[in-house]
Protein chains: 2
Amino acid sequence: MAGSNEDALKGLGHLALGTRLKRLGDRLQAHAQVILDEAKVPVPASHLPPLAALDSGGAMTVGDLSRALGVTQPGVTRMTGALETAGLVRSGAAEDDGRARVIELTPAGRGLLARLKRHTFPLIEAAVREACGDDPGRLLGQLAVLEDALEELPLAARAARLAKGARRHD
Amino acid sequence: MAGSNEDALKGLGHLALGTRLKRLGDRLQAHAQVILDEAKVPVPASHLPPLAALDSGGAMTVGDLSRALGVTQPGVTRMTGALETAGLVRSGAAEDDGRARVIELTPAGRGLLARLKRHTFPLIEAAVREACGDDPGRLLGQLAVLEDALEELPLAARAARLAKGARRHD
DNA sequence: GGGACTTACATAACCTGTTATCCAATTTGG
DNA sequence: CCAAATTGGATAACAGGTTATGTAAGTCCC
C-alpha cells in the first residue's frame, strides 16, 4: 500500500519547490479572497494589483501597466477590460499617440482603493505577516535571494557546471 | 494626491506575496524544464510529481494521487491521461472496486524514473539548492511554517481577530 | 433484495496566465 | 513625401489549474 502519502512532494524536496511555491501562492490568494469577500469588495483579488498600480502611479498605458505589474501585455488588456466593465477604470487613446491606450481610475475605482487602503489591505498585511511566523521579513528575504540567483545564473547553467564538477565521481 | 506612491503597493505587499510566490514557482519550473529538455526527458516538468509519487508509493488510484499531490481529482485525471498517452503509466479498474482506477508505472515509466533519479533529479536538486543561497533548508522551513499556519487558522480568521483588537484605535 | 445514499472518477465550463500573430499608428530615412 | 521599420495593443490559441456536475459502482438499511 502507498502508506502515508503527502510525502510525495516532500520527497522531491527542492525539485518540487516550484510546484510547492505555486500552490502556496494560490492558497494565499484564496485566503485573501475570503477577506476581500467579507469586506464586500466587488472584484477578485487578481484585479487589485492593476488598481493599486494605477492608484499609486496615476494614469498609465497598457504597456506601462504591463511593465509595472510584470504580467504580459495581453494579460493587462484582459484585466483592464474587466475593470472597465466593472466601472473601476476607464480608458482612451493617448493624446500624443493614437496607438497607446491610457488607463485611469474612475471615481468609483479611486473610492474603492481608498477604502481598501484604509481598512482591508492593512488587515491582510497583518494576517499574512502573522502567518509567516516570528520573522516575517525572512521569508521575503529568502525569496529575493532565490529570485536574484535565478536572474544571475539560470538553473540550467548551474546544473551544467555542477555536472561537470561531479563527473569524476561518476 | 497619492504623494509618494509605493504605499499602495506596500499595502498590497503581503497580498502580493501570493502572486510573487506563484510567479517564482513558475520561473523555477521553467528553469527546471530547460534542464529536463537538455536531458531529453519526454515529459513536461509538471508531470514529474505524479510519476515520482507512483514510483515511491507504488500503484495507486486517482484519488490517492490527488491526495498525495495536493491537486484536485480532475487535475489528476488529466495528468494521468497524458501520461498514459505517453506510455509512461497504465491503468485499470481496481480488483475490489469497479469505480476506482488504479494507476501504475509502465516499464517505460519506471525506466524513465530510474534514469531521472540517477542523473537529472540530483542535478536539479543541487542547482536549486545552490540558488537558494547559503542555507537551503531555511526557505523550505519558512514555507512549511506558512503552510502550517494557513492550515491551522485561515487568514480570514486571523484578520477578524486582528481587526477586533485594532478597533479601539479606529 | 431493492431503493436511497455515498464514493470514485469523468466531463464540462471557466479562470488567468502564457506565446504567437495581426493590425493600426508612429517614426525614420532616402 | 512616401515606403519601411518599429511600436502599442488586440486577438487567438493554448496551458494548467480550478469548481460544478454527471454517472456508474458500491454500501446501507428497511
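Keep in mind that what you see is a predicted model, and the values were worked out from it rather than measured. Every chain is numbered from 1 and lettered A, B, ... according to where its sequence line falls, protein lines coming before strand lines.
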Residue pair E104(B), R90(B): steps toward the salt bridge (Lys or Arg N to Asp or Glu O under 4.0 Å) verdict: CA-CA 6 Å; E104(B) 64 179 345; R90(B) 68 182 152 221; 3.1 Å; yes
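The line from CG of L150(B) to CZ of R158(B) is 7.0 Å long, rounded to the nearest 0.5 Å. Between the CG atom in L24(B) and the NZ atom in K22(B) there is a gap of 13.0 Å [rounded to 0.5 Å].
Between R101(B) atom CZ and dA25(D) atom P the separation is 15 Å, expressed in whole Å. Between L83(B) atom CG and dG16(D) atom P the separation is 12 Å, expressed in whole Å. Following rounding to the nearest Å, I103(B) (CD1) and dA10(C) (P) show an atom-to-atom distance of 7 Å. Residue E84(B) contributes atom CD, which lies 14 Å from atom C1' of dA10(C) at whole-angstrom precision.
Under a 4.0 Å N-O distance rule, the pair D37(A)/K40(A) does not qualify as a salt bridge.
The side chain of T77(B) contributes an N or O atom lying less than 4.0 Å from OP1 or OP2 of dA10(C). Between T61(B) and the phosphate of dC9(C), there is a side-chain N or O to OP1/OP2 separation shorter than 4.0 Å.
A pairwise comparison of heavy atoms in L69(B) and R23(A) identifies O-NH1, 2.6 Å as the closest pair. Listed here is the closest heavy atom pair of P50(B) and M79(B): CG-SD, 3.5 Å.
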Footprint string (nucleotides 15-25 of chain C, 5' to 3'): B base within contact, S backbone only, - free, heavy atoms under 4.0 Å: -BBBBB----B
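Nearest-nucleotide positions on DNA chain D for D26(A) and T80(A) put T80(A) closer to the 5' end.
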